[in-house]
Undergrad: 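Encoded as structure tokens, here's the structure I'll be asking about.
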Amino acid sequence: MPELPEVETSRRGIDPHISGRRVVRTVVRQNRLRWPVSEQITTVLPGLQITHTSRRGKYLMLHTDAGTLLVHLGMSGSLRIVDPQEPPRVHDHIDLIFEHGIAVRYHDPRRFGAMLWTADDPMQHALLSHLGPEPLSINFDGAYLYRRSRGRKVPLKSFIMDSQVVVGVGNIYANEALFLAGIRPLTEAGKLSRMRCDRLAEQIKLVIARAIEVGGTTLRDFVGGDGQPGYFRQSLNVYGRGGQPCLVCGGTLTELRVGQRSTVFCRRCQR
DNA sequence: CGAGCAACCTGCATGC
DNA sequence: TGCATGCAGGTTGCTC
């Protein structure tokens, strides 16, 4: 599930339940995620207060005075606020149990996610230090895209999905943003005109901002993920619609693979 | 350095 | 019904 909007929705969902609250206990039922779950989650975190939460790209951060918990949801991860007494379901790998009798429960069938502790400035962490700008920040615009894309021969879609270029543009939103900008995904990144860089940056911002808005109203109490209705799905123009008619021109949407990822676009609307 | 691709896992849809 | 296959929203890290 998680692209940037889902991660931000998850952060907003859990934040009011845990900010300012103390962790009293943690339970790690499965420590084999993408990397082994940091032992500090058991040895250091209990007793510490979560001062606040934040997000960088698709990484969630739970801050304490002694360090930061980095959480990544991978491809199938989700968070829920639960009663710690509630029996865990399959793939409920980790509980962070709080003083006031609630728990943040991490669920991840494919275990592509991560739960890592860092005592230092989290932004200096190897996973975060090379990340590109946030798509909704003023640092991300057409001028930036133009500058970064010069000389690059990769397909434009792969380029905007590169987290070193800009964070948070996953497969769904890459497809959607390119459709809205009217640009074909296989366009060589380095050949994109300055004007089209403006259009693309603008559509990336719009599609992500809208998804956060919708996710925020639909998911409210927590999560982002499994079992939740496909809230953003109804507003998708191309993703998952290969072979079906384009909602704008009626032409048949083309589906192919770009960098091993399913890619859908309209030959007529996108040039 | 850039580009392409395998790999990490499980669940689910599809087709024989 | 059972089984094999392929695919899934992410990211790292390998090879060339």
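No experiment lies behind these values; they were computed from the predicted model shown. Lettering of chains follows the sequences in order, A, B, ..., and the numbering in each one begins at 1.
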Undergrad: Does the ring of A:F112 lie flat against the base of B:dC9, closer than 5.5 Å centre to centre with planes under 30°?
TA: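 A:F112 vs B:dC9: stacking no.
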Undergrad: Determine the sole option in A:R29, A:R80, A:R25 for which the salt bridge (Lys or Arg N to Asp or Glu O under 4.0 Å) test with A:D95 is passed.
TA: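 The single option meeting the salt bridge (Lys or Arg N to Asp or Glu O under 4.0 Å) with A:D95 is A:R29.
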Undergrad: Without decimals, in angstroms, what is the distance between A:L73 CG and B:dC8 P?
TA: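 That distance rounds to 22 Å.
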Undergrad: Taking a pair as Watson-Crick or G-U wobble with both distances under 3.5 Å, which nucleotide is matched to C:dT1?
TA: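 Paired with C:dT1, as far as the under-3.5 Å criterion goes, is no nucleotide at all.
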Undergrad: Let's test this: given Watson-Crick or G-U wobble pairing with both distances under 3.5 Å, identify the partner of B:dC9.
TA: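 Pair assignment: B:dC9 / none.
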Undergrad: For A:M115 and B:dC8, give me the distance from atom CE to atom P, rounded to whole Å.
TA: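 Rounded to whole Å, this separation is 22 Å.
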Undergrad: How long is the line joining CG of A:L236 and P of C:dG9, in whole Å?
TA: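 Interatomic distance, CG of A:L236 to P of C:dG9: 12 Å.
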Undergrad: Just call it for A:Y59: base, sugar-phosphate, or nothing, with non-hydrogen atoms closer than 4.0 Å on any strand.
TA: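 Since only primed, P, OP1 and OP2 atoms lie under 4.0 Å of A:Y59, the category is sugar-phosphate.
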Undergrad: Out of B:dA3, C:dT12, B:dC5, which nucleotide sits closest to the side chain of A:V154?
TA: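 Selected nucleotide (nearest to the side chain): B:dA3.
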Undergrad: Check the distance between C:dG10's P and A:L33's CG and give it to me in whole angstrom.
TA: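 Distance, rounded to whole Å: 17 Å.
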Undergrad: Of the nucleotides B:dG11, B:dA6, C:dT12, which has the atom closest to the A:P109 side chain?
TA: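 For A:P109, the side-chain atoms sit closest to B:dG11.
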Undergrad: Using whole Å, report how far CG of A:L116 lies from P of C:dT11.
TA: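 After rounding, the gap between these two atoms is 13 Å.
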Undergrad: Any base atoms under 4.0 Å from A:R152, or only sugar-phosphate, or nothing? Heavy atoms, all strands.
TA: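 Answer is sugar-phosphate: A:R152 comes under 4.0 Å of backbone atoms only.
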Undergrad: Is there a donor and acceptor pair closer than 3.5 Å between the side chain of A:R34 and the base of C:dT11?
TA: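 A donor-acceptor contact between them is present.
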Undergrad: Please state whether the rings of A:H91 and A:H107 are parallel, tilted or perpendicular, taking 30° and 60° as the class boundaries.
TA: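 Aromatic pair A:H91/A:H107 classed perpendicular.
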Undergrad: Has A:S262 got a side-chain N or O lying under 4.0 Å from the OP1 or OP2 atom of C:dA8?
TA: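 Affirmative; the distance criterion is met.
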Undergrad: Is the shortest distance from a Lys or Arg side-chain nitrogen in A:R11 or A:E8 to a carboxylate oxygen in the other one below 4.0 Å?
TA: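 Yes, this pair counts.
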Undergrad: So for A:R110 and B:dC9, does any side-chain atom that can act as donor or acceptor lie under 3.5 Å from a complementary atom in the base?
TA: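 For A:R110, whose side chain was compared with the base of B:dC9, there is a donor-acceptor pair (under 3.5 Å).
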Undergrad: Nearest to the side chain of A:N171 - B:dG11, C:dT11, C:dG9?
TA: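 Nearest nucleotide to the side chain: C:dG9.
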Undergrad: Does C:dG9 have OP1 or OP2 sitting under 4.0 Å from an N or O in the side chain of A:Y239?
TA: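 Yes, within the criterion.
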Undergrad: Can you tell me the distance, in whole Å, between the OH atom of A:Y106 and the P atom of B:dC9?
TA: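 Taking OH of A:Y106 and P of B:dC9, I get 13 Å after rounding.
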Undergrad: With rounding to the closest Å, how many angstrom separate the C1' atoms on B:dA6 and C:dG6?
TA: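 Those two atoms are separated by 16 Å.
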Undergrad: Using whole Å, report how far CD1 of A:I208 lies from P of C:dG9.
TA: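 To the nearest whole Å, that distance equals 16 Å.
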Undergrad: Whether A:E134 and A:R56 form a salt bridge (side-chain N of Lys/Arg under 4.0 Å from carboxylate O of Asp/Glu) is what I want to check.
TA: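 So A:R56 pairs with A:E134 through a salt bridge.
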Undergrad: Which one, C:dT11, B:dT10, B:dA3, comes nearest to the side chain of A:H72?
TA: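 Of all the options, the side chain of A:H72 is nearest to C:dT11.
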Undergrad: For B:dC9, take OP1 and OP2 only and decide whether either is under 4.0 Å from a side-chain N or O of A:H91.
TA: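 So the side-chain polar atoms of A:H91 never come under 4.0 Å of the phosphate oxygens OP1 or OP2 of B:dC9.
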Undergrad: Output the rounded distance in Å from CD (A:Q260) to P (B:dG4).
TA: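 A:Q260 atom CD is separated from B:dG4 atom P by 9 Å.
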Undergrad: Just do the side-chain contact (heavy atoms from CB on, under 4.5 Å) check on A:L60 and A:L79 with the steps written out, would you?
TA: CA-CA 11 Å; A:L60 263 171; A:L79 297 172; 3.6 Å; yes
Undergrad: Is any side-chain N or O of A:R111 closer than 4.0 Å to OP1 or OP2 of B:dT10?
TA: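 Result: yes.
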Undergrad: Ignoring backbone atoms, test whether A:K153 places a side-chain nitrogen or oxygen under 4.0 Å from the OP1 or OP2 oxygen of B:dG2.
TA: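 The answer is no; no side-chain N or O of A:K153 sits under 4.0 Å from OP1 or OP2.
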Undergrad: Searching all strands shown, indicate the nucleotide that pairs with C:dG9 (Watson-Crick or G-U wobble; both distances under 3.5 Å).
TA: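 In the structure as shown, C:dG9 has no Watson-Crick or wobble partner.
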Undergrad: Should A:L73 and A:Y106 be marked as a side-chain contact (heavy atoms from CB on, under 4.5 Å) after you check the CA-CA gap, both sets of side-chain angles, and the distance that decides it?
TA: CA-CA 9 Å; A:L73 300 176; A:Y106 176 83; 3.8 Å; yes
